[in-house]
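All remarks here apply to the structure that follows.
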2 protein chains.
Amino acid sequence: MVLAAKHEILRQQLRQDVAELDTHAALPTERELAARYEVSRATVRQALGVLEEAGVVYRVQGAGTFVADRTVSKSLSLTSFSEDMTARGLRPGSRLVVADEIPATAPVAETLRIDVGEPVVRVVRVRLANDAPMCLETVYLVSGRVPGLLGHDLTGSLYELLAERHDIALIRADQVVKAVCVDGADAALLGVAPGSPALQVDRIGLDQRDRPVERTTSLYRADQYDIAFTIRREQP
Amino acid sequence: MVLAAKHEILRQQLRQDVAELDTHAALPTERELAARYEVSRATVRQALGVLEEAGVVYRVQGAGTFVADRTVSKSLSLTSFSEDMTARGLRPGSRLVVADEIPATAPVAETLRIDVGEPVVRVVRVRLANDAPMCLETVYLVSGRVPGLLGHDLTGSLYELLAERHDIALIRADQVVKAVCVDGADAALLGVAPGSPALQVDRIGLDQRDRPVERTTSLYRADQYDIAFTIRREQP
DNA sequence: CAGTGGTCTAGACCACACT
DNA sequence: GTGTGGTCTAGACCACTGG
């Protein structure tokens with residue numbers, strides 16, 4: 001039950017250690033860490049590899065491992081709106097606009113890998129941050145995978161509902177981000193003037209088996225929201 | 001000279017193998033791959049780990065490794081405008097607007113970790129795709145690290161110039177993306193009506209030693225450009 | 001030159017999926 | 001139960017950095 005892989009424990013330990021070091025300070029060598037925490041060097045490397053990916057440390061061959069410069073580096077990760085707002089120090093909320101079941105349209109059916117006309121659950125919400133509109137969000141889910149969803153409270157985290165009530169864990173998501181201007185209807189719901197800029201995020205959420213679970217379109221107020229993340233050179 | 005790590009060779013081989021399989025088809029087991037390619041299982045796992053991160057395959061414990069569903073999955077990676085356009089099947093180009101050396105302003109100095117007033121090179125370009133304006137780009141570089149840069153041809157890839165002439169490789173970048181509306185001056189350069197939406201990307205490019213090398217602000221036409229990428233659940 | 005991270009091996013046991 | 005991926009070990013050699 002308890003996932004207590006050594007490299008995970010070590011990773012969390014190293015996270016704390018790193019937090020107390022200055023930027024660009026050298027960590028102990030891999031061999032030293034292995035001896036100190038009584039694990040093999042391979043395990044140390046596994047833990048450091050995750051921290052390197054996360055932008056916490058960087059490694060220079062022949063020189064050592066060092067504390068990375070944490071300025072932006074909010075590594076882009078799959079989070080719910082609720083988690084996202086909490087991380088930004090804001091109080092998340094919701095105003096339910098629509099919650100119903102409809103036949104899938106062609107674009108929705110295609111992204112969810114079902115047939116056109118199959119029933120899907122649609123949830124439209126105005127997401128709030130400290131009670132002010134932040135985002136207009138439309139979610140489509142395959143009805144068959146979430147029986148009884150519409151009977152639950154839909155003002156909280158949909159991700160938690162999926163995980164707790166339907167044993168669905170979202171592991172990955174494919175996203176497309178673009179800039180748009182919001183028109184009258186959407187502008188009113190977001191509480192901004194027509195023609196205001198917004199960040200539109202289209203997302204397809206996938207479970208551990210790579211099956212599409214949800215399709216979401218989010219419209220974020222440009223004056224309230226931006227996306228920060230770190231990118232790397234790709235391996236050939 | 002040639003980096004021919006076994007796991008890299010294997011990774012490329014597996015990329016080709018995967019390309020010939022159907023979506024969700026199972027790959028050979030790790031032990032079988034190890035035997036077939038005459039490497040240890042650890043090496044196989046190293047190669048598969050990179051492919052999993054890249055969204056090429058997914059693994060299910062106890063079940064196997066499978067070909068991922070490649071719909072969006074243009075994994076976000078650090079690329080130059082030239083590479084980005086080429087990947088989209090467009091011909092990149094540039095129109096130089098400004099190329100000079102100026103004292104660093106406070107915000108530029110802060111992101112480049114230098115003192116205010118230290119000389120920086122500024123390059124402003126309209127980036128073209130098939131000869132049409134796509135993006136308005138402003139780059140700042142620490143003058144001391146790129147001597148003689150202004151004497152070179154600045155209409156091509158700046159990244160290539162940095163790599164070939166100054167031995168600077170950009171490994172990582174911190175980015176912030178937001179939606180804006182472009183005003184008169186910028187709108188004219190981009191060839192769009194004032195008030196049109198645009199995607200603004202602020203980037204700090206870092207080298208292998210985690211040192212800031214460049215600070216770039218890019219303004220992309222919203223009607224021509226979006227950003228697609230895959231995100232994952234974060235490790236605690 | 002010594003010391004670092006990068007790569008690789010051979011073998012072992014565990015947790016989980018599937019039948 | 002059988003077979004899969006997940007974890008871990010102990011040891012070895014290589015490539016690179018830095019004094």
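Here the structure is a predicted model, which is why all the values come from computation and not from measurement. In what follows, chains are A, B, ... by sequence order, proteins preceding strands, each numbered from 1.
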DNA chain C: 5'-proximal contact among A/Leu48 and A/Ala42 (nearest heavy atom):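 Looking at the nearest nucleotide for each, A/Leu48 comes out on the 5' side.
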
Going by atom types only, do [X] and [Y] share a side-chain donor-acceptor pair under 3.5 Å?
X	Y	result
B/Glu214	B/Tyr159	yes
A/Ser94	A/Arg127	yes
B/Asp84	B/Thr79	no

Taking atom [atom2] of [N] as reference, at what distance in whole Å does atom [atom1] of [X] sit?
X	N	atom1	atom2	result
A/Arg41	C/dT9	CZ	P	16 Å
A/Glu8	C/dC14	CD	P	18 Å
A/Glu38	D/dA10	CD	C1'	15 Å
B/Tyr58	D/dG5	OH	C1'	14 Å
A/Gln46	C/dT7	CD	P	15 Å

Ion pair check, [X] and [Y], cut-off under 4.0 Å:
X	Y	answer
B/Glu101	B/Arg122	no
A/Arg172	A/Asp207	no
A/Asp202	A/Arg215	no

Could you list by number each residue of residues 25-36 of chain A showing a heavy-atom separation from DNA chain C of less than 4.0 Å, or answer none if no residue does?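 DNA chain C contact set from residues 25-36 of chain A: A/Thr29, A/Glu30, A/Arg31.
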
Does [X] place a side-chain N or O at less than 4.0 Å from the phosphate oxygens OP1/OP2 of [N]?
X	N	answer
B/Lys6	C/dG6	no
A/Thr65	C/dT4	no
B/Thr43	C/dT9	yes
B/Arg59	D/dG6	yes

So, taking the atom named CZ in A/Arg59 and the one named CD in B/Gln208, what distance separates them when rounded to the nearest 0.5 Å?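 Separation between the atoms: 12.0 Å.
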
side-chain contact (heavy atoms from CB on, under 4.5 Å) partner of A/Ser143, chosen from A/Leu149, A/Val121, A/Ile114, A/Leu150: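 Among the candidates, only A/Val121 passes.
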
Could you list all N or O pairs between the protein and nucleotides 17-19 of chain D that sit under 3.5 Å apart?
| unit_1 | atom_1 | unit_2 | atom_2 | d |
| --- | --- | --- | --- | --- |
| D/dG18 | OP1 | B/Arg209 | NH2 | 2.5 |

C/dT19 pairs with which nucleotide, Watson-Crick or G-U wobble, both distances below 3.5 Å?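 No nucleotide pairs with C/dT19.
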
Set of salt bridge (charged side-chain N to carboxylate O under 4.0 Å, His left out) partners for A/Glu83, sequence neighbours left out: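 With sequence neighbours excluded, A/Glu83 shows a salt bridge (charged side-chain N to carboxylate O under 4.0 Å, His left out) to B/Arg233, given in chain and number order.
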
Among C/dA10, C/dG5, D/dT9, which nucleotide sits nearest the side chain of A/Arg45?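 Nearest to the side chain of A/Arg45 among the choices is C/dG5.
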
